[in-house]
Amino acid sequence: VYEADLSNSVYNLTYSIEDYAGNNYSETVEVLYDTKAPSLKVFEPENNSLASVNFSVAAGFSDSVSGIKNATYSVVNDSTVLSGQLNDTTDTSNLSEDEYRVNYNVYDNAGRLNSTSINVTLDDSPPMLNLSTPQNGDVFSGNFSINAPYSDDVGIDMATYELSNGPVQNPGTLNAT
């Protein structure tokens, strides 16, 4: 059978034999012709993103001809390897803060592979906040300043304060110092 004559599909293949006495036998089997790799689309984590402990490794994948045989991931850097089935939650509690590569591999039943990799930085450290003024128990009157320097080794997404007691509520944004 010439490859050029076939398209990705299911085919019935019939074997027939006949001996010199006229006795015959035939058998039909169903075969899949699959030259196309499975589809793969990464959902989580996003490439070049930050992740915390137990981040999700999620992807969509399919193969309309022969089906999916295996869909796995691995999280690697110079010395660490974690692996598992795609769309599992990854226990990264034993990983140190560092940059990692997440490899996605999907095999179909014909042995075709679709793979891709993304980069992720693991950040398990909370931001630091240094309450300078006011401190717990301070007494003030009139206008007062809030001094609460903060920092984080990978950056701050949001820094706010809220002054509240009874009917008075005053939210605001902290400024980086």
Side-chain angles (χ1 to χ4, degrees), residues 36-64 66-109 111-177:
K36 186 176 175 187
S39 67
L40 170 62
K41 179 176 176 29
V42 172
F43 297 137
E44 293 182 288
E46 291 183 26
N47 193 28
N48 298 317
S49 64
L50 295 172
S52 61
V53 167
N54 296 328
F55 61 87
S56 292
V57 177
F61 47 89
S62 66
D63 186 277
S64 62
S66 65
I68 299 297
K69 180 176 185 176
N70 198 9
T72 62
Y73 71 88
S74 60
V75 180
V76 297
N77 69 2
D78 293 337
S79 61
T80 305
V81 175
L82 290 176
S83 61
Q85 295 298 309
L86 270 176
N87 298 334
D88 283 349
T89 297
T90 307
D91 179 5
T92 60
S93 59
N94 292 327
L95 297 179
S96 60
E97 290 189 344
D98 202 351
E99 292 182 4
Y100 293 88
R101 187 176 65 252
V102 181
N103 301 311
Y104 298 79
N105 296 302
V106 178
Y107 288 91
D108 67 12
N109 287 310
R112 305 267 183 230
L113 168 67
N114 191 347
S115 64
T116 191
S117 298
I118 60 105
N119 296 311
V120 64
T121 300
L122 185 59
D123 177 20
D124 275 344
S125 299
M128 302 294 290
L129 179 64
N130 181 11
L131 297 177
S132 191
T133 57
Q135 292 190 2
N136 195 31
D138 282 357
V139 177
F140 54 90
S141 64
N143 293 334
F144 65 95
S145 294
I146 295 175
N147 187 8
Y150 54 85
S151 64
D152 188 81
D153 58 342
V154 294
I156 299 291
D157 183 36
M158 177 180 61
T160 63
Y161 71 88
E162 181 177 321
L163 176 66
S164 63
N165 185 19
V168 177
Q169 187 169 5
N170 187 3
T173 303
L174 291 174
N175 294 318
T177 56

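All values reported here derive from a predicted model rather than from experimental measurement. Worth knowing before you read on, the calculation uses all heavy atoms, side chains too, and leaves out hydrogens, waters and symmetry mates.
- For Asn105 (side chain) and Thr72 (main-chain N/O), no donor-acceptor pair under 3.5 Å exists by modelled atom type.
- Residues Val75 and Phe55 are in side-chain contact: their nearest non-hydrogen atoms beyond the backbone lie under 4.5 Å apart.
- Between Thr116 and Asn114, the closest side-chain pair of non-hydrogen atoms is not below 4.5 Å.
- For Asp78, the CG atom sits in a loose shell: 12 or fewer heavy atoms of surrounding residues, nucleotides or ligands are nearer than 6.0 Å.
- Taking 4.5 Å as the limit, every side-chain heavy atom of Thr121 sits out of range of all side-chain heavy atoms of Glu97.
- Between Ser74 and Val102 there is no side-chain heavy-atom pair separated by less than 4.5 Å.
- Minimum heavy-atom separation, Pro38 to Val106: CG-O, 3.4 Å.
- Lys36 approaches Asp63 most closely through the heavy-atom pair O-OD2, 3.6 Å.
- Distance CG/Leu95 to CG/Leu82: 4.5 Å, rounded to 0.5 Å.
- Heavy atoms only, all atoms of each residue included: Val42 and Ala59 are closest at CA-CB, 4.1 Å.
- A 4.5 Å side-chain heavy-atom check between Val76 and Asn103 finds at least one atom pair inside the cut-off.
- In terms of heavy-atom proximity, Gln135 sits nearest to Asp138 at N-OD2, 2.8 Å.
- The structure places NZ of Lys69 at 12.0 Å from CG of Leu113, a figure rounded to the nearest 0.5 Å.
- Remark: the backbone N or O of Ser132 is not paired with any side-chain donor or acceptor of Asn147 at under 3.5 angstrom.
- Screening residues 39-51 for side-chain hydrogen bond (donor to acceptor under 3.5 Å, both in side chains), with sequence neighbours left out, gives Ser39-Ser62.
- To the nearest 0.5 Å, atom CG of residue Leu50 and atom CG of residue Asp124 are 11.0 Å apart.
- If you take CG on Asp123 and OG on Ser52, they are separated by 8.0 Å, rounding to the nearest 0.5 Å.
- Of the possible polar contacts, none joining the Asp98 side chain to the Tyr100 backbone as a donor-acceptor pair under 3.5 Å is found.
- One finds the CE atom of Met128 at 8.5 Å from the CG atom of Asn130 (value rounded to the nearest 0.5 Å).
- In terms of modelled atom types and a separation under 3.5 Å, the side chain of Asp108 and the main chain of Arg112 share a donor-acceptor contact.
- Residues passing the side chain to side chain donor-acceptor pair (under 3.5 Å) test with Ser96, sequence neighbours excluded: none.
- Within a 6.0 Å radius of OH in Tyr107, other residues, nucleotides and ligands contribute 12 heavy atoms or fewer.
- The CZ atom of Phe61 lies 6.5 Å from the CD1 atom of Ile68; values are rounded to the nearest 0.5 Å.
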